[in-house]
> 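Take this structure, written in structure tokens, and hold onto it; I'll ask about it next.
We name chains A, B, ... by the order of the sequence lines, and we start the count at 1 in each one.
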Amino acid sequence: MSDLLAGLNPDQFAAVTLPSQHALILAGAGSGKTRVLTTRIAWLIQHGQANPHSVLAVTFTNKAAKEMLTRLSAMLPINTRGMWIGTFHGLCNRLLRAHYREAGLPQLFQILDSGDQLSAIKRLLKNLGVDDEKFPPRELMHFINSHKEQGIRAGEAEAWDDWTRRRVALYAEYEAQCQREGVVDFAELLLRAYELLNRNEPLRRHYQTRFSHILVDEFQDTNKLQYAWLKLLAGRGPGVLPADGAPGALGAGQAVVFAVGDDDQSIYAFRGAEVGNMRDFEREFGVLNVIRLEQNYRSHGNILDAANALIAHNRGRLGKNLWTDAGAGEPIRVFEGFTDLDEARFIVDEVRELIRDGIERDQIALLYRSNAQSRVLEHQLFSAGVPYRVHGGLRFFERQEIKHALAYLRLIANADDDTAFARVVNFPTRGIGTRSLEALQEAAHRANSSLYNAAASLSGKAGTAVGGFIRLIEKLRSETAALPLPEKVEHIIDVSGLRQHYLGEKEGGERLENLSELINAAVSFLREDGDRTAEEGGEVAAFLSHASLEAGEHQAGAGETAIQLMTVHAAKGLEFDAVFLSGLEQGLFPHENAAQERDGLEEERRLMYVAITRARKRLYLSWAQTRMLHGQTRYCAPSIFLDELPVALLSRITPVAAPTLAYGRGYGAGSQATSQTSSSGGYGQAPMAADAYGGLRIGQNVEHSRFGQGVIVAAEGGGNDARVQVNFGSAGVKWLALAYAKLTPR
DNA sequence: CCTCCGCCTGTTTTT
DNA sequence: CAGGCGGAGG
């Protein structure tokens, strides 16, 4: 226990052992952030400055929270259960479950994930007869969520035009619908918890007194509401500032806030994150201690130098320069492909080479800006027989068969949950079509009741299909009432007809497996989080929260080790021995849509910074002169980010064209870097890649989409600047840059 | 009620 | 190019 601090560098040591004052830790990529955070908690407890009960630590992802708990229990012989360590959403859920009455919610309120929220909005628009052309559900959802994330209720929202006035009205209707159904969306979870504490003084006092230390991970990703929530809990909210207000002074019922973040890794502005919270925090809390963790334990020097040089182009940074004593390492390899296919082939060739050299497959990552780019890479990996795993995409608890099964569970727990009702009232089909559903909606709307209640009172008449459904739900409710959770789930899958339905489906095999997996998930939930069930209103409610709040990434990906494919966003927080970053083209990375946004380019640059700093030993950057996008060929210029990297750190390993072409030399801009070329043959110095530019050479007949047939008469330049002179006969003689013009050999 | 066809629209994503 | 969604037809 006493060696808690062993092995910490001076800055880490200083951060961990800070006196009980607000602190901001600027933790660079790979600087041991999580370690500092957890050791700080352990140190506070060990030194009697806090007890486990009085610590609140908040993260953004379940993974980070879990990691913190694991490390903490390895450091201290304490029971981490019951400690308030979790995600913003998880902790708010906990708060609302404990005080559901005060928060104005039913005990078994359900959490809507984004898919549920979208269907709830669609249903609302339909009920109100609103034209969804004029009010696209997705847009409305964004409108509502961004208001909630700013802490703005429908009643307080500003409207400056008719359209917005209407949207505000719909926001209000949506709030009413959720309230009636007893459901809460993600943003609502935070806003409700905030309002609960803000309005209920005794409760606020209670928690302010209870938590003496608040620790925040990834502070740069907090939005306005999350920051306000933190201020409230820390006793810094409106009306609770100490009378003297001295900087850094702590009044009674105030907590010490220890915030860890990296402004250079702020990549979620598009969903409301405010980097400005870091500056505000420093000012509003009178932070006396700002500590920079700049020693990087992850990457070799060249990689770090590149990252530093790149991010230096951003303005208004808090300032930080990463360094390492690991040595310069290899140069960064830059590859320029003729097409996206060339690029993918190169990457897969290199990957195989790395594997042959003994690098573990799961230590190799293929990163890209947008998901659409994974396709070519996947195709090449597949043909080469290299096992790979794509991150992102559909998660376990988001699969339709899982959502269906859970909807039955939800409906049994809370009959007012119209989202759940609408999802399964006719699934598996039981003859309840659009007509009957519309009648139900109508009746429910008129009686201001839930669909379920409307259905129950309507179906009294005859042996209708709707009546059958109601009886099914009643039957399920009574039959499963006494069963433990996993058996409940199993019984529901059987009796609802879901199993039968998927048995009869051609492609139903995987879905059936997933349904069995759901039963397993219920078993392991009870085993791992069984202690949560009491405070959250029983097994079912706790399991349903778990399903909504933890999408269940861990369910997939077991088995053999594989190459990791993911977006740069998804790679944040991870590290790999070798990283390939592809698609470094203007319009793709930086993405063209970013240009429209305020400081969009800077956010893209931070994204690039995140990508670079994922690599430990080897980093590849690549781009393609032409790329298939949306079904047509795009001519691409290299990303400006490539120009922002010091040439001396780079080694160009672009295929050299046939010797007959003049531009076949001089790619290695960095002199000593050039000597270290790719380990796989075929690229680099040897002139063997004659067809790398599609077999172009002087005298070659080519075709151009606008100028028609022609013949290459001269060539000059290299890399991005490679140009050829083509005689198009009647269309004239033209110089064409290979980076832009598409020439097909004939 | 289900299925098929054609249109349309394509960032990033955790909770 | 592709997948998702909505409308029309069986």
Side-chain angles (χ1 to χ4, degrees), chain A residues 58-65 86-94 111-119 122 126 132-133 136-138 142 145 148-149 184-191 193 217-218 221-223 225-226 266-273 340 367-376 379 391-395 397-398 400 426-437 465 505 545-553 566-573 583 587-597 600 603-604 606-608 610-611 627-634:
Chain A
V58 63
T59 64
F60 275 86
T61 64
N62 293 299
K63 205 169 139 200
T87 63
F88 277 101
H89 293 84
L91 295 180
C92 286
N93 178 47
R94 194 165 170 179
I111 300 168
L112 301 185
D113 66 21
S114 14
D116 295 332
Q117 189 187 12
L118 190 64
S119 34
K122 283 181 182 165
K126 204 163 207 177
D132 57 5
E133 298 270 286
R138 285 185 176 281
H142 181 254
N145 288 342
K148 287 190 182 183
E149 279 159 14
V184 160
D185 61 48
F186 285 139
E188 183 73 24
L189 225 36
L190 296 176
L191 185 51
D217 191 16
E218 307 276 20
D221 287 338
T222 52
N223 64 31
L225 179 58
Q226 286 159 340
S266 157
I267 55 174
Y268 285 112
F270 72 91
R271 66 173 196 221
D340 48 352
L367 307 184
Y368 34 80
R369 174 67 237 264
S370 66
N371 280 311
Q373 288 169 253
S374 76
R375 172 178 292 280
V376 220
H379 185 79
H391 294 249
L394 214 52
R395 289 150 202 278
F397 286 112
E398 286 169 355
Q400 67 144 338
N426 197 36
F427 194 97
T429 47
R430 41 179 77 89
I432 303 172
T434 5
R435 286 186 315 283
S436 11
L437 207 55
E505 211 177 49
S545 309
H546 168 79
S548 302
L549 294 175
E550 304 186 28
E553 169 96 26
M566 65 192 88
T567 64
V568 181
H569 281 93
K572 188 176 165 202
L588 194 59
F589 199 180
H591 199 279
E592 52 201 348
N593 296 2
Q596 263 94 74
E597 272 147 48
E603 176 139 327
E604 295 289 305
R606 289 192 292 268
L607 199 50
M608 175 84 181
V610 168
R627 181 175 297 273
M628 280 292 274
L629 211 63
H630 307 325
Q632 47 191 348
T633 307
R634 292 208 343 181

> Not counting sequence neighbours, which residues clear salt bridge (charged side-chain N to carboxylate O under 4.0 Å, His left out) with A:Glu592? List them please.
A:Arg634
> Output all residues satisfying salt bridge (charged side-chain N to carboxylate O under 4.0 Å, His left out) with A:Arg627, sequence neighbours left out; order by chain, then residue number.
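Expected list: A:Glu343, A:Glu585.
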> Does A:Asn62 reach a base, just sugar-phosphate, or nothing at all? Heavy atoms under 4.0 Å.
sugar-phosphate
> Indicate whether OP1 or OP2 belonging to B:dC1 is found under 4.0 Å from a side-chain N or O atom of A:Asn426.
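It does, given that an N or O in the side chain of A:Asn426 lies less than 4.0 Å from OP1 or OP2 of B:dC1.
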> Where along nucleotides 3-13 of chain B does protein come under 4.0 Å, by heavy atom, of base (B) or sugar-phosphate alone (S), with - for untouched nucleotides?
-------BBBB
> Output the rounded distance in Å from CZ (A:Phe186) to P (B:dT15).
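About 8 Å, once rounded to whole Å.
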> Check the distance between B:dT15's C1' and A:Asp116's CG and give it to me in whole angstrom.
13 Å
> Answer whether the closest heavy-atom distance between the side chains of A:Leu189 and A:Ile111 falls below 4.5 Å.
yes
> If you look at every strand shown and take non-hydrogen atoms under 4.0 Å, does A:Ser114 touch a base, only sugar-phosphate, or nothing?
base
> Going by salt bridge (charged side-chain N to carboxylate O under 4.0 Å, His left out), name the residues that satisfy it together with A:Arg138, two or more places apart in sequence or in a different chain.
none
> Take atom CG of A:Leu437 and atom C1' of B:dC1, then tell me their distance rounded to the nearest Å.
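About 13 Å, once rounded to whole Å.
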> Considering residues at least two apart in sequence or located in another chain, which fulfil the salt bridge (charged side-chain N to carboxylate O under 4.0 Å, His left out) criterion with A:Glu604?
A:Arg369
> Sequence neighbours excluded, which residues qualify as side chain to side chain contact (heavy atoms under 4.5 Å, CB included) partners of A:Pro428?
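Partners of A:Pro428 under the side chain to side chain contact (heavy atoms under 4.5 Å, CB included) test: A:Tyr408, A:Arg430, A:Leu498, A:His501.
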> Find the distance A:Glu149:CD to B:dT15:P and express it as a whole number of Å.
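Taking CD of A:Glu149 and P of B:dT15, I get 14 Å after rounding.
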> Please report the distance, rounded to the nearest Å, between CG in A:Asp185 and P in B:dT14.
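So the CG-P distance, A:Asp185 to B:dT14, works out to 18 Å.
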